[in-house]
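Please read the structure below before turning to the comments.
Numbers restart at 1 for each chain; the letters A, B, ... are given by sequence-line order, proteins then strands. Values below: every heavy atom of this structure, side chains too, minus hydrogens, waters and symmetry copies.
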Amino acid sequence: MRASEFFIGTTKEMPNDAEIISHQLMMRAGFIRRLGSGLYTWMPVGLRVVRKIEAIVREEMAAAGALELLMPAVQPAELWQESGRWDKYGPELLRISDRHDRDFCVGPTHEEVITDIVRREIRSYKQLPVNFYQIQTKFRDEIRPRFGAMRAREFIMKDAYSFDIDEAGLQKSFDRMHAAYVRIFDRIGLDYRAVDADSGSIGGATSTEFHVLADSGEDAVVYSTGSDYAANMEKAAAIPTGERAAATRSMTRVETPGVHTIDDLTNAVGQAATQCLKTLLVKGASEQAPVIALCVRGDHELNDIKAENLPEVAEPLSFADATAIRSVAACDAGSIGPVGLSIPLFVDASAALMADFVCGANENNVHLGGVNWGRDLPEPEVRDLRNVVEGDPDPTGSGTLKIVRGIEVGHIFQLGTTYSEALNANVTDEGGRPQTLLMGCYGIGVTRVAAAAIEQNHDDKGIIWPEAIAPFEVVISPIHAAKSDLVREAAENLYLEMKHAGIDVLLDDRPLRPGQMFADMELIGIPHRFVVSDKLLAADQFEYKGRRDADATLIPRGDALEQLLKLRAS
RNA sequence: CGGGGCAUGGCGCAGCCUGGUAGCGCAUCUGCUUUGGGAGCAGAGGGUCGCAGGUUCGAAUCCUGCUGCCCCGACCA
């Protein structure tokens, strides 16, 4: 590609609404342009990156036996009503209606549509397993779209769906996708982790997330220093340490005027947060127990997902309102404690090991000190309710846990029969009986991968693309070509040589000053650069500089292609 | 959804409080000079000041309503 025939929309100025580095750089380098909240146009340079990511995904999907198809973005409400998600999915689902007033949604995901296809097309176990995928624009009406392509409302996603006759088949399909994902992210060249995850609202059991590690990531990724264990914060198992100490004090009333939070409490009673018990009241799942109490240690945080996964707790998790609190305790939030509460009470494993602790007295402005399980109140119902913290033991038994930030770029699920049952997707088995299909689904946020790659690879000059997804692999920058036939011809020849060698090369033939050319190409993030100038040609040389290199090196003119091929291979 | 803020050439902003000929930087265009790290000088074009009402002789500016966008908030026991 010749830059003069391409479109390069770089700017020196920073857009005022871009908060994170990938958003700023994508805007400045002219990769994306904003149309509306969470809506972006992919400009020609940006689209080249997207297409390269897609190409890698397609190759690895094909290698893993998945078949590409393309489903409609607009989906009839009936299908979503059949699966129950028309009501369950909530406001993130963009609902629209046509001229006949029929309801539709713009697909945030395609489990329903693919299951509908499969139930019509796949009749026999002999046609299994199948795995269909598409690369398509999705729409999710996010509460707060932000960070440019990172959390856009409209974005490009690869979504694959596998169907098998039994659990063993599903496991095999899942493992194949897992392996394919590993190859994809390896090839793209990102630092990432595959982590155990909660499957969330899509339903089903097993799921693994793929996170690109970056400080700006919105998710907390937990990993072990001593094993391969990795999980996201929602899923990471919190293992208590030590044993419960013996009670040494008797239970006493403490006047705590104006104390509402754990911080207030530690100040008021002079005890560390680890000695305070936090009691949270949440809505229950049944009429019989409309309010449920959950206890965690004062220095710990309740894990919403773990709480929500308790059968007794209403989903989605919501805290009890003032009226509900008053219905079970004679006080307001801030003074709740487990002693004397006559509602279901679940206690985090670490909180269950506390002795002589402080907690609310269920009376405003009063707390209790010296409280002990098994003496002042029954032995607790123990559950895992909290977020892990750095230094917690590895649940597999070796090492401790560390927490880093990650950007979720892929998520693979074993859905099981959730959708096939709801939509009645069966095949006939060997015995001639109908068998409900077992389903898996596998997503990659293609456009988010691009943003994540930038978060992980940039410097003060701009983006540093991993070679595999760079918009161009190499740029040729002729210095003052307009004034020198020699420079122009040498650059042109080098360009053609590389182009014929199948290299994705950009010839920067714009009539610009060198500083501007260099700055543009570094901002755009092209991994390799060759400079052609009269001075260099006089010595029969070109100049080479890798995007991460501090200094340029001189190379013999004839070695340029060979040099590039060598660098590219390494 | 709650709170805060913004809306003025393509982009970033000032002007508004105290009503009176709409300005700056960047970008664009022309010319000359310059030429290995986002050049200099001279000149030019480009805005019914988000929309709708109101107050006024007169509104970017004051008032009302609307719309769009941005930011903060979902650990409170």
Give the nucleotide from the list [options] with an atom nearest to the side chain of [X].
| X | options | result |
| --- | --- | --- |
| A/Q516 | B/A77, B/A39, B/G12 | B/A39 |
| A/T10 | B/C11, B/G38, B/G36 | B/G38 |
| A/L280 | B/G37, B/G36, B/A77 | B/A77 |

Nearest-angstrom distance, [atom1] atom, [N] to [M]:
| N | M | atom1 | answer |
| --- | --- | --- | --- |
| B/U30 | B/C70 | P | 36 Å |
| B/G23 | B/C49 | C1' | 12 Å |
| B/U8 | B/G50 | P | 6 Å |
| B/G46 | B/G5 | C1' | 29 Å |
| B/U21 | B/A60 | C1' | 14 Å |
| B/U61 | B/G53 | P | 14 Å |
| B/C11 | B/C51 | P | 15 Å |
| B/A27 | B/G10 | C1' | 7 Å |

Could you tell me the Watson-Crick or G-U partner of [N], where both distances fall under 3.5 Å? Say none if there is no partner.
| N | answer |
| --- | --- |
| B/G19 | none |
| B/U28 | B/A44 |
| B/U35 | none |
| B/C69 | B/G5 |

With a 3.5 Å cut-off and heavy atoms only, can you find an N or O donor on one side and an acceptor on the other between the side chain of A/R529 and the base of B/G37?
yes

Presence of donor-acceptor pair under 3.5 Å, side chain of A/E543 and base of B/G36:
yes

Nearest 0.5 angstrom please: A/E522 CD to A/R547 CZ, how far?
5.5 Å

Within the 4.0 Å heavy-atom criterion, would you say [X] contacts the bases, only the backbone, or no part of the nucleic acid?
| X | answer |
| --- | --- |
| A/L536 | base |
| A/K535 | nothing |
| A/L281 | base |
| A/T261 | sugar-phosphate |
| A/I262 | sugar-phosphate |

Between the main-chain N or O of [Y] and the side-chain N or O of [X], is there a donor-acceptor pair closer than 3.5 Å?
| X | Y | result |
| --- | --- | --- |
| A/R140 | A/P108 | yes |
| A/R448 | A/M150 | yes |
| A/R33 | A/T41 | no |

For atom [atom1] of [X] and atom [atom2] of [N], their distance in whole Å:
| X | N | atom1 | atom2 | result |
| --- | --- | --- | --- | --- |
| A/I8 | B/G38 | CD1 | P | 18 Å |
| A/H300 | B/A77 | NE2 | C1' | 17 Å |
| A/D520 | B/G36 | CG | P | 17 Å |
| A/L341 | B/A77 | CG | P | 16 Å |
| A/K483 | B/U35 | NZ | P | 7 Å |
| A/R33 | B/G12 | CZ | P | 11 Å |
| A/M517 | B/G38 | CE | P | 13 Å |
| A/I479 | B/G38 | CD1 | P | 12 Å |

Can you label the angle between the A/F530 ring and the A/Y544 ring as parallel, tilted or perpendicular, going by 30° and 60°?
tilted

Applying salt bridge (Lys or Arg N to Asp or Glu O under 4.0 Å), can you list everything that pairs with A/E308, at least two apart in sequence or on another chain?
none

How about A/N372 and A/R244: does a side-chain donor come under 3.5 Å of a side-chain acceptor?
no

Just one of A/D304, A/D392, A/D299 clears the salt bridge (Lys or Arg N to Asp or Glu O under 4.0 Å) bar with A/R386, so which one?
A/D392

Pairwise side-chain contact, A/S533 with A/H480, heavy-atom cut-off 4.5 Å (strictly under)
no

Nearest heavy atom decides the nucleotide; on that basis, is A/H480 or A/I325 closer to the 5' end of RNA chain B?
A/H480

Upstream residue (5' side of RNA chain B) when A/K12 and A/G337 are each assigned their closest nucleotide
A/K12

Give me, pair by pair, the N or O atoms of the protein and of nucleotides 70-74 of chain B that are less than 3.5 Å apart, along with how far apart they are.
residue, atom, partner, partner atom, Å
B/C70, OP1, A/R34, NH1, 3.4
B/C70, OP2, A/S37, OG, 3.3
B/C71, OP1, A/E19, OE2, 2.7
B/C72, OP1, A/E19, OE1, 3.3
B/C72, OP2, A/R144, NH1, 2.6
B/C72, OP2, A/R144, NH2, 2.8

Salt-bridge contact A/D196-A/K235 (side-chain N to carboxylate O under 4.0 Å)
no

Presence of A/R513 side-chain N/O under 4.0 Å of B/U35 phosphate oxygens OP1/OP2:
no

